[in-house]
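Shown next, in structure tokens, is the structure this report addresses.
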Amino acid sequence: MAKAKNAATEEVVAVEPQAPEPAPIMYEVTLNGRFTHMDFPYLPSHHHIVDKAIYDAMVEAGVVADVKQLS
């Protein structure tokens with residue numbers, strides 16, 4: 001437990017360490033068809049780096065040809 005001084009009252013206040021936020025899960029995806037999410041087109045001729053929410057939408061649409069989890 002670290003201690004920090006509060007400048008206004010000059011008393012010692014305990015500071016609890018906080019866990020860092022987890023890193024987002026990212027995927028490298030190749031598609032077998034065109035996919036549009038929020039008016040952004042994902043083309044099958046490119047590799048795309050997407051987060052889990054977009055990846056799940058791609059899987060639901062059935063357009064994922066190849067995937068590699070990056071994180």
Side-chain angles (χ1 to χ4, degrees):
M1 178 169 39
K3 294 185 180 183
K5 284 192 172 186
N6 185 336
T9 61
E10 291 294 326
E11 65 184 58
V12 176
V13 180
V15 178
E16 294 293 326
Q18 295 185 7
E21 292 184 24
I25 300 172
M26 302 300 287
Y27 298 91
E28 181 178 350
V29 180
T30 303
L31 304 177
N32 60 13
R34 186 180 176 111
F35 177 77
T36 302
H37 183 74
M38 297 180 71
D39 295 331
F40 184 82
Y42 294 88
L43 304 175
S45 59
H46 298 86
H47 291 282
H48 303 283
I49 307 294
V50 297
D51 65 5
K52 179 144 177 58
I54 296 172
Y55 171 72
D56 289 343
M58 289 175 170
V59 168
E60 186 175 311
V63 295
V64 176
D66 187 38
V67 63
K68 179 171 77 172
Q69 185 172 344
L70 301 176
S71 58

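These numbers come from the heavy atoms of this one structure, side chains and all, not from hydrogens, waters or symmetry mates.
- Atom-to-atom distance recorded for Ile25:CD1 and Gln69:CD is 6.0 Å, nearest 0.5 angstrom.
- Atom-to-atom distance recorded for Asp51:CG and Asp56:CG is 9.0 Å, nearest 0.5 angstrom.
- Residue Tyr27 forms a side-chain contact (heavy atoms from CB on, under 4.5 Å) with just one option from Val50, Leu70, Val64, and that option is Val50.
- Across all non-hydrogen atoms, the minimal contact from His48 to Leu31 is CD2-CD1, 4.0 Å.
- Scanning both residues, Asn32 and Pro44, for their nearest heavy atoms gives C-CB, 4.2 Å.
- A heavy-atom distance below 4.5 Å is not found between the side chains of Pro24 and Lys52.
- Using a 4.5 Å heavy-atom threshold, the side chains of Glu28 and Val67 count as separate.
- Looking at heavy atoms from C-beta onward, Tyr55 lies in side-chain contact with Val29 at the 4.5 angstrom threshold.
- Ala61 and Phe35 make their closest contact through CB-CE1, 3.8 Å (heavy atoms, listed as atom of the first residue, atom of the second, distance).
- The shortest side-chain heavy-atom distance between His37 and Tyr42 falls under the 4.5 Å cut-off.
- Annotation: the span from Glu60 atom CD to Met58 atom CE amounts to 12.5 Å, rounded to 0.5 Å.
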